[in-house]
Amino acid sequence: ISSKFILFAFHTLLCQKWTLNLAMPCNCRNNTSSAMCYHNADWSLLGRYINSSIDLPKLQTWNIQQSHEEVATILDPNTKEDPTPADSDADEEILMTVQFGSFVRIKGISITGPGDSASPARVLLFSNRTDITGFDAARRHKHDVELMLPNSARGEELIHKLDPVKFPNVSTMTLLFDQNWGNDETQLVRIEFFGEDSGNLVNRRLATNVVYESRANPADHPAVDED
């Protein structure tokens, strides 16, 4: 038995417990699906599709060939059917930080690759870590969740269920893709989040601080005696 087959089988077993099938058609009825499919799942357990809550201009990426505008299409709800794939640059690793415009509770995530060796095989998720500014910083921090990803393509999307207790009030989500299925480059086709939007704007807290600090504090401005 080849090592590649063993790796594939291992990924499949991990994904069977934690994934839900998103869309039809898939290959499960032909016994060729890479993960268990649940076509009659109770979607209310995952909330709703919340990519519309993402603040796309504030998306941060590292080691990606495409421009910011192109990478944003893999998250943009308006380009759901026709995203521009994002490819890693110097090696197989990709790091990105997604900022939400309002605080969200995340219950699921769907990550899709091209369905070949360039598809991501593992992602580490970090919630609300605004101090991650590169790969070294990401490696220094403990991730909240590790997901082993099946080698799925468009039409075989899977939602990975997340524990909402770990992601109850998220303003930023950092994703570190550090492994793929054996290619020198990793390609991301689509990333989708599921859960609940609180409606509480992230920038509201920042605006409160700005208003407070804009008011002159006498203690900070000692009086000057006039002759």
Exercise. Flag the pair T79 / R190 as yes when at least one side-chain heavy-atom distance between them is below 4.5 Å, and no otherwise.
Key: yes
Self-check item: From CG (L162) to CZ (R105), nearest 0.5 Å
Solution: 12.0 Å
Quiz item: Could you walk me through whether E185 and Q65 pass the side-chain contact (heavy atoms from CB on, under 4.5 Å) check?
Solution: CA-CA 10 Å; E185 296 180 358; Q65 299 178 27; 3.4 Å; yes
Practice problem: Decide whether N151 and D116 meet the rule of one side-chain donor and one side-chain acceptor closer than 3.5 Å. | Solution: no
Exercise. Side-chain contact test, heavy atoms from C-beta onward, threshold under 4.5 Å: evaluate it for F126 versus M173 and give yes or no.
Key: no
Quiz item: Any side-chain heavy atom of I111 within less than 4.5 Å of one from H160?
Solution: no
Quiz prompt | Spatial distance of atom CZ (F103) from atom CG (N169) [nearest 0.5 Å] | solution = 5.5 Å
Practice problem: For F100, enumerate each residue passing the ring pair (Phe, Tyr, Trp, His ring centres under 6.0 Å) test, keeping only those at least two apart in sequence or located in another chain. | Solution: F193
Quiz item: Any donor-acceptor pair under 3.5 Å linking the side chain of S102 with the backbone of L201?
Solution: no
Exercise. Could you verify whether a donor N or O on one side chain and an acceptor N or O on the other, from E92 and N183, lie under 3.5 Å apart?
Key: no
Exercise. Could you grab the distance from atom CG of N128 to atom OG of S171, nearest 0.5 Å is fine?
Key: 4.0 Å
Exercise. State whether a side-chain donor-acceptor pair under 3.5 Å links E192 with N51.
Key: no
Practice problem: Could you walk me through whether D144 and S127 pass the side-chain hydrogen bond (donor to acceptor under 3.5 Å, both in side chains) test, one step at a time? | Solution: CA-CA 7 Å; D144 295 301; S127 173; 4.7 Å; no
Self-check item: N/O donor-acceptor pair under 3.5 Å between D184 side chain and D91 backbone
Solution: no
Exercise. Could you walk me through whether V145 and H143 pass the side-chain contact (heavy atoms from CB on, under 4.5 Å) test, one step at a time?
Key: CA-CA 6 Å; V145 168; H143 53 270; 5.8 Å; no
Self-check item: Heavy-atom side-chain contact between Q99 and I54 under 4.5 Å
Solution: no
Exercise. State the CD-CG distance between E70 and D76, to the nearest 0.5 angstrom.
Key: 13.5 Å
Self-check item: Residue pair I64 / D87, side-chain heavy-atom distance below 4.5 Å
Solution: no
Exercise. Kindly write out the residues that satisfy side chain to side chain donor-acceptor pair (under 3.5 Å) with T133, not counting sequence neighbours, or none if the list is empty.
Key: none
Quiz item: Going by an N to O cut-off under 4.0 Å, is there a salt bridge joining K107 and E196?
Solution: yes
Quiz item: Under the 3.5 angstrom rule, does the side chain of T112 hit a backbone N or O of A153 as a donor-acceptor pair?
Solution: no
Quiz item: Q66 pairs by side chain to side chain contact (heavy atoms under 4.5 Å, CB included) with which of T73, V71, I74, T61?
Solution: V71
Self-check item: Sub-4.5 Å side-chain heavy-atom contact between L176 and V123
Solution: no
Quiz item: What distance separates I109 CD1 from L158 CG, expressed to the nearest 0.5 Å?
Solution: 12.5 Å
Practice problem: Please check if any side-chain donor atom of S53 sits under 3.5 Å from a side-chain acceptor atom of D197, or the reverse. | Solution: yes
Quiz item: Less than 4.5 Å apart, any side-chain heavy atom of V98 and any of L75?
Solution: yes
Quiz item: Could you give the distance from CG (L125) to OG1 (T174), rounded to the nearest 0.5 Å?
Solution: 9.5 Å
Quiz prompt | Beyond-backbone contact of W62 with T97, side-chain heavy atoms, under 4.5 angstrom | solution = yes
Practice problem: Take the angle between the ring planes of Y49 and F194 and call it parallel below 30°, perpendicular above 60°, tilted in between. | Solution: tilted
Quiz item: Do the charged groups of D163 and K166 touch, with an N to O distance under 4.0 Å?
Solution: no
